[in-house]
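The chain is numbered in sequence order, starting from 1. Any value given below was found using the heavy atoms of this structure, including those in side chains, with hydrogens, waters and symmetry copies removed.
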Amino acid sequence: MASVASLKQAGKVVCIGRNYADHITELNSARPKQPFFFLKPTSSLLLPGAGPVIRPKGVDLHYEVELALILGKQVKDLAADDEKGAFDAIEHYALSIDMTARNIQNEAKKKGLPWSIAKGFDTFLPISNLIEKSAIPNPHSVDIYLTVNDKVQQSDSTELMLFQIPRMLSDISKVFTLEKGDIILTGTPKGVGPVVPGDIMRAGIKVNGKELEEAKIEVAVEESTSSYEYAET
């Protein structure tokens with residue numbers, strides 16, 4: 001039985017970008033013709049109760065709440081129509097917050113640079129406890145939400161995903177072999193925005209209107225004391 005601590009041993013974290021139409025619009029991004037994905041380092045994982053999200057100096061820090069998949073077996077070259085193969089590969093679900101240094105990402109987009117720095121700082125991936133598959137009978141029909149200081153900022157149904165889970169796993173597995181323990185973030189709905197030191201983020205999942213206790217995230221934001229300070233590349 002996997003434990004939430006075992007997430008730190010994940011081989012990789014693969015994130016689907018631009019998977020909700022209204023989020024694409026709010027960031028003035030182009031709608032992808034196929035699933036678009038990038039990596040976050042596993043060192044960015046922040047387990048429940050492991051402390052605050054740290055905002056690096058000079059960073060415009062944004063939240064993005066996302067449903068996460070935790071894989072239980074290897075997936076390679078999965079057919080896009082193999083729904084059974086896709087769902088059989090998922091061992092657990094979780095909720096996550098894909099923290100993003102938006103000003104660094106905007107610079108990277110403009111200059112054609114990778115997003116690794118914008119997405120990859122330590123603590124930039126708060127994640128919930130593991131959620132049993134039986135608690136989410138249909139991952140394409142749950143509500144995910146995020147509040148900042150108790151004000152709702154994101155709240156939408158996963159039914160709004162542009163690309164559903166089988167297509168995501170198919171496209172990723174044709175590029176990267178997915179291994180047991182790998183984590184897939186399935187995209188964020190509209191409502192992303194900034195947080196600053198002193199803010200408290202809370203996030204959760206509702207299934208048929210009922211809150212999943214194990215999906216709850218509560219995490220504060222603090223200023224970094226490290227020597228890093230953002231400077232234009």
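- Listed by first and then second residue, the side chain to side chain donor-acceptor pair (under 3.5 Å) pairs involving residues 36-49 are K40-D98 (not counting sequence neighbours).
- The shortest non-hydrogen separation linking I97 to A203 is CD1-CB, 4.3 Å.
- V148 has its side chain out of reach of I200: every pair of non-hydrogen atoms, C-beta onward, lies at least 4.5 Å apart.
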Please walk me through it: do D182 and V75 pass side chain to side chain contact (heavy atoms under 4.5 Å, CB included)?
CA-CA 10 Å; D182 283 355; V75 185; over 6 Å; no
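- At distances below 3.5 Å, not a single donor-acceptor pair connects side-chain atoms of S96 with backbone N or O atoms of I127.
- Rounding to the nearest 0.5 angstrom, the gap separating the NE2 atom in H62 from the CG atom in L27 is 8.5 Å.
- In the hydrophobic cluster analysis, where Ile, Leu, Val, Met, Phe, Trp and Tyr join through side-chain heavy atoms closer than 4.5 angstrom, I165 is grouped apart from L130.
- Of the inter-residue distances, the one linking T100 atom OG1 with F124 atom CZ reads 7.5 Å to the nearest 0.5 angstrom.
- No donor-acceptor pair under 3.5 Å is formed between the side chain of D171 and the backbone N or O of M168.
- Note: F37 CZ to I184 CD1 = 9.5 Å, rounded to the nearest 0.5 Å.
- Side-chain contact between I90 and D88 is absent, with no heavy-atom pair separated by less than 4.5 Å.
- Connection of L47 to I131 is not established within any shared hydrophobic cluster, with ILVMFWY side chains joined at heavy-atom distances below 4.5 Å, either directly or through further cluster members.
- No hydrogens or angles considered: nothing links the side chains of E214 and Y93 as a donor-acceptor pair under 3.5 Å.
- The OG1 atom of T188 sits 10.0 Å away from the CE atom of M161 when rounded to the nearest 0.5 Å.
- More than 12 heavy atoms of other shown residues, nucleotides or ligands fall within 6.0 angstrom of atom CG in L160.
- Heavy atoms only, all atoms of each residue included: V192 and R102 are closest at CG2-NH2, 3.5 Å.
- Between P166 and H140, the shortest heavy-atom distance links the atoms CD-CE1, 4.0 Å.
- Put simply, the side chain of D77 reaches to within 4.5 Å of the side chain of K174, judged on heavy atoms.
- In this structure, the separation between CG on L146 and NZ on K151 is 12.5 Å, given to the nearest 0.5 Å.
- The side-chain heavy atoms of Y20 and T158, taken from C-beta on, include a pair separated by under 4.5 Å.
- With salt bridges taken as basic N to acidic carboxylate O contacts below 4.0 Å, none links K190 and E26.
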Does K57 form a side chain to side chain contact (heavy atoms under 4.5 Å, CB included) with Y228? I'd like the steps, not just the answer.
CA-CA 7 Å; K57 295 185 190 78; Y228 176 88; 5.6 Å; no
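- Follow the hydrophobic side-chain contacts under 4.5 Å out from L39 and you never reach I183; the two are in separate clusters.
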Run the numbers on K76 and T177 for side chain to side chain donor-acceptor pair (under 3.5 Å), then give the verdict.
CA-CA 5 Å; K76 189 176 177 70; T177 297; 2.9 Å; yes
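- One N or O on the side chain of Y63 and one on the backbone of G191 form a donor-acceptor pair closer than 3.5 Å.
- Using a cut-off of 4.0 Å between Lys/Arg side-chain N and Asp/Glu carboxylate O, E64 and K119 are scored as salt-bridged.
- No path of Ile, Leu, Val, Met, Phe, Trp and Tyr side chains, each step under 4.5 Å between heavy atoms, connects L61 with I54, placing them in separate hydrophobic clusters.
- Contact check for D156 versus I144: no side-chain heavy atoms found under the 4.5 Å cut-off.
- Heavy-atom neighbours of K111 NZ from other residues, nucleotides or ligands within 6.0 Å: above the threshold of 12.
- Remark: the backbone N or O of L46 is not paired with any side-chain donor or acceptor of K8 at under 3.5 angstrom.
- The closest donor-acceptor contact from the side chain of D199 to the backbone of V196 lies under 3.5 Å.
- A heavy-atom distance below 4.5 Å is not found between the side chains of L125 and M99.
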Evaluate I117 against T233 for side chain to side chain contact (heavy atoms under 4.5 Å, CB included), listing each step before the verdict.
CA-CA 11 Å; I117 298 173; T233 299; 5.6 Å; no
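- Closest of all the heavy-atom pairs between L95 and G204 is CD2-N, 3.2 Å.
- In plain terms, the two heavy atoms of G198 and N149 that are nearest each other are O-OD1, 4.3 Å.
- A donor-acceptor pair under 3.5 Å links the side-chain atoms of S170 to the main chain of L78, judged by distance alone.
- By the rule that hydrophobic residues join a cluster once side-chain heavy atoms approach within less than 4.5 Å of another member, L7 and I136 end up as members of separate clusters.
- Residues V4 and S128 share a closest heavy-atom pair of CG2-O, 3.5 Å.
- The structure places CG of D122 at 9.5 Å from OG of S224, a figure rounded to the nearest 0.5 Å.
- Within a 6.0 Å sphere centred on CG of N138, heavy atoms belonging to other residues, nucleotides or ligands number more than 12.
- A salt bridge links K180 to E91: one of the charged nitrogens lies within less than 4.0 Å of a carboxylate oxygen.
- Side-chain contacts under 4.5 Å among hydrophobic residues (ILVMFWY), followed directly or transitively, place F36 together with F38, W115.
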Could you walk me through whether L185 and L67 pass side chain to side chain contact (heavy atoms under 4.5 Å, CB included), step by step?
CA-CA 6 Å; L185 307 190; L67 178 68; over 6 Å; no
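- Checked by atom type and distance alone, the side chain of E66 pairs as donor or acceptor with a backbone atom of G187 at under 3.5 Å.
- Residues V142 and K206 are not in side-chain contact: their nearest non-hydrogen atoms beyond the backbone lie 4.5 Å or more apart.
- Proximity of Y230 to P56: side-chain heavy atoms (C-beta onward) are nowhere separated by under 4.5 Å.
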